Structure formats: C-alpha cells, structure tokens
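Below you'll find the structure, written out as structure tokens, and then a few comments.
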Amino acid sequence: MSTDELLTFDHVDIRFPIELNKQGSCSLNLTNKTDNYVAFKAKTTKPKMYCVKPSVGVVLPRSSCEVLVVMQALKEAPADRQCKDKLLFQCKVVEPGTMDKEVTSEMFSKEAGHRVEETIFKIIYVAPPQPQSPVQEGLEDGSSPSASVSDKGNASEVFVGPSVGIVDLIRMSDELLIIDPVDVQFPIELNKKVSCSLNLTNKTENYVAFKAKTTNAKKYYVRPNVGVVLPRSSCEVLVIMQALKEAPADMQCRDKLLFQCKVVEPETTAKDVTSEMFSKEAGHPAEETRLKVMYVTPPQPPSPVQEGTEEGSSPRASVSDNGNASEAFVDMLRSLLVPLFSNAASSTDDHGITLPQYQVFINFRGDELRNSFVGFLVKAMRLEKINVFTDEVELRGTNLNYLFRRIEESRVAVAIFSERYTESCWCLDELVKMKEQMEQGKLVVVPVFYRLNATACKRFMGAFGDNLRNLEWEYRSEPERIQKWKEALSSVFSNIGLTSDIRSNESKFVDSIVEEVKKVLIKIGTEEREL
C-alpha cells in the first residue's frame, strides 16, 4: 500500500474456506481516515471466478464502507490448496460530492496521468470449519440440553428443566438467523399497546432475507416485517400487540409468530424482498422459526415503603454495578451538595441529595425504541425526579424547530445510538444541534450504545454504517448536511459512553444510565454555584 494510505483495510489477505459446490465470501472494511472524498475500484485476476460488490464506490471523509468478495463454487478441491489469484484495489482522491455512479475506469488510468494508489491482496484457501460434535451439549451439572435437529432440517422440540418449562421453538438445522429471545412475551396491561423486541442475528457469510407472519394479523404487527440481514450482522424487530380490553381468563395464548428466512443474492435490499421469495408452491423453500406468544404478569410497582431502614443499611439500594454506596459517602455528598442547591429549582432523591432540575433531552430512534427501551428509561428517570424530555407527544418532523428549542433549554442530552438510528435524518439533525450546544459549553451529551459495539459504530461498520450510507445516498444532493451529520457523530463518539449488547440486563443498563445522568446533573449544579 502507498504510504499515503487513502484507504486502510481490516484484512491483509482474502481467505476462502474450501467447500465444494458452495459459494464462498469474505467481507472487507474500507476506511477513509483523510478529509478527502476517495473513490475506489476493485479488479481481480479472474473476473469469472470472483466478483466484488460493490466493485466501485466513493468513501466519504472520515468514514468507512464494507465490500463483499464472493468466490464462485468450486467443483473440486485444489490439490495443494495453493492459489495464485489476487485482488487489486485502486483508489484516488476525487472532488467533494462525487457519487458512486460517477466513478469510471478512466479515473484510474495511469496512462492518462491520474495519480492512483494500489493495494494488492493475495487470495488464500483455508480448511473449512469443522462440524460441531453430534454429542448433545449441556447435560452436566443440571444444565439444559441443546436443540437436536436432524440433517434433513426436521424440527425438534427442546425440553428444558421443569424450572424453565418447554421452549416451543422450531428451527431449521442451518440456522440462517438466530432469534433472541426464543418466545414473544407481552405483559398484560389493559387498554395499552405493548411491545416486545427481537434480535435477529446472521452468523453466516450470506445475505439472508426474512419475512414475519402472525396467526392473528389484526392483533399483532411486526416492524419491519420484511428485511435483509447482512453477513455477520444483526437487526432488531419490534412485535407490537394491540391493546387488550379485558384480561384473558387463564393467561393462556395460542398465537404464534412465524419467521421465514432464506439466502438471497448479495446486495439485495429490503425493498427487493417479496412474498414470492418464500413461496413453497413456487419452489422456493425457506427456513422457518415459530415463536410462541406468551402472556406474563406486568412488573409490580415498587413498594411505597422505603427499603433498607434496618440498622446499618442504606436508605435505598444502589443500582450501580459497583454495589451499595456507603453511609459515610452519602452523608458527605449530602453535606456538600444540599447547601449548594438550596435556592435553586430542584428535587430530592431517596438519599436526600438535591438534584438540580435542568432539563434532560433524549435523542433516539422513535420507531425502534419509543415503546420499549426508551419507555423504561423515561419512567426510571421520572421516578428519580429527573426533568426528562422526549418527543413522545410531538409528531417527529412536524416542527423540528420546536425540538431544537427543547435542546437549547436542556443542560444534558442522552444520545441513544441503536442499529436503526442512522436511518433517521431527524435523529441526526437533532445530533447536529446537540453538537453545536456542546461546543458552546451549554450542553453535556452522554452517548449510549444500545445493543451495539461502540467501536463498530465509530468506524461506521455493520447495519449502523449501512443505514448511514443509505441515508447519504438519499440526501446526496445535500453534501453539507451529510458532512454535519458525520461531524456530529464523530464529536459525540469522542465522549465516554455506556454500552450494552443483546446479553445485557436491560434493567441494570437503564439504572446505570440514570445514575450517570444524576452525576452529570450534580456536577453541572456544583460548577454553576461555584461561578
């Protein structure tokens, strides 16, 4: 690679496992660490053997994009597993605003005097991954057995210990998509819509399309109900149940949710997914997963009696991962902070520590999180007497200036980055406004990475980056606006944030965000009183 390194790559070679009669693929992440627009073009020594998607494109300043290299199916294994094929990437600086469709072969012609950097990758054949042992796992120490599925893909029920119950999950053997959780649980709350989020994970090297159907279409709906999960990535789906007018007599539910999935061509998008793709009658078999819908009792409200009143215990259990705060530390904070805020508009938490009532603005992807994670977070903040604002009443987009004013009125903002966050220009426009306030010292922004890898977000990888690139294409006629979005993301990413993944305990994660916001509010109040 040239010393200038217009583009850096996350791999130094291209590796394909040798699996006969099956296409292989390898993804590359191209990162542009410069302040220029960089165009690229990929070429191979055997165009009939390999294809690159996309083979040309433009990587915006300080961003990245993913490229998929696909090898055609081998009919026989190479004798010595040696491969002399290579992949060439050419790249060069282009004018700001240049789009993918404007990239031509002429741009990379050295004969025409164009300065072009080149990176050559060796293609390497490797042994395929070994199949898992057929021995059933998890039989020691009382752990539950894992699912057993025949090679033909016949479904099998998984019986777990009696303390857990029966998981009624039917899954094909290849497991194109892994769905978490394994059932759809709705708390029974009358006259109120409730929702349950599902995480769909694709651990294969293929593009996987999915379609969701329910046994009671008038009672449930799924958003999105069709889509494509990229290789080695995941997406979140929200299942919403219409409001119940009366509680079921025995809390039993016979409804089910069906997910169909199948491998599709690289670069297939959600818009390309049709019902015909999953039609068995048309000869398009699809893998299927059925999830039971279950009714559960709603969470009980906290007892009005103050906990921990026994001798030696703290007035309220700490929600932080570090354990309970000591009485001495609480007393010290109270003695230091209560006098500081005695004359300000304020509220008092359960320790008697006064919280300044500065407004806290929450920036999030409404369609994805409003009725789930953010709803729980807002409730937890209000229980802690935090003055929190979300656009739960306003219709997003009808008056963005109204939301900008709300940001200006706030001293703290929580930016919740989720997989679909970068689908929304409104989220990003709010973030730009937050960055402006932050740079003027008027706002503290706390980044939260919800079920995302923070490092991948910062590199614009995975679905988070794909959604941003799709939005950039949609708004390609507004390059200045796009640049502001990216600058705002980079600026907020530089702050220390909180991160969760699909295995995290959401209740504890909500509590950790609330505690962090309280610390920030107290710090702001202290600093302002000292001025």
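Note: hydrogens, waters and symmetry copies are ignored here, and every other heavy atom, side chains too, is used. Predicted model, so just to flag it, every value in this text is computed and none were measured.
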Ring center gap for [X] and [Y] short of 6.0 angstrom:
| X | Y | answer |
| --- | --- | --- |
| Phe16 | Tyr125 | no |
| Phe9 | Phe121 | yes |
| Phe417 | Phe364 | no |
| Phe449 | Phe493 | yes |
| Phe373 | Tyr450 | yes |

Any luck finding a side-chain donor-acceptor pair between [X] and [Y] under 3.5 Å?
| X | Y | result |
| --- | --- | --- |
| Trp473 | Asp100 | no |
| Thr214 | Lys256 | no |
| Asn29 | Ser27 | no |
| Gln242 | Tyr220 | no |

Reference residue Ile362; test side-chain contact (heavy atoms from CB on, under 4.5 Å); the match among Leu369, Ile513, Val388: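 Among Leu369, Ile513, Val388, the one that satisfies the side-chain contact (heavy atoms from CB on, under 4.5 Å) with Ile362 is Val388.
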So, do [X] and [Y] sit near enough that their side-chain heavy atoms are less than 4.5 Å apart?
| X | Y | result |
| --- | --- | --- |
| Pro61 | Lys486 | no |
| Met71 | Met49 | yes |
| Val414 | Phe361 | no |

Salt-bridge present ([X], [Y]; N to O < 4.0 Å):
| X | Y | answer |
| --- | --- | --- |
| Arg469 | Asp466 | yes |
| Glu288 | Arg290 | yes |
| Arg451 | Glu506 | yes |
| Glu430 | Lys433 | no |

Measuring from Leu468:CG to Leu428:CG, what's the distance to the nearest 0.5 Å? 6.5 Å
Got a second to check how far Asn202's CG is from Leu176's CG, nearest 0.5 Å?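 The CG atom of Asn202 sits 7.5 Å away from the CG atom of Leu176.
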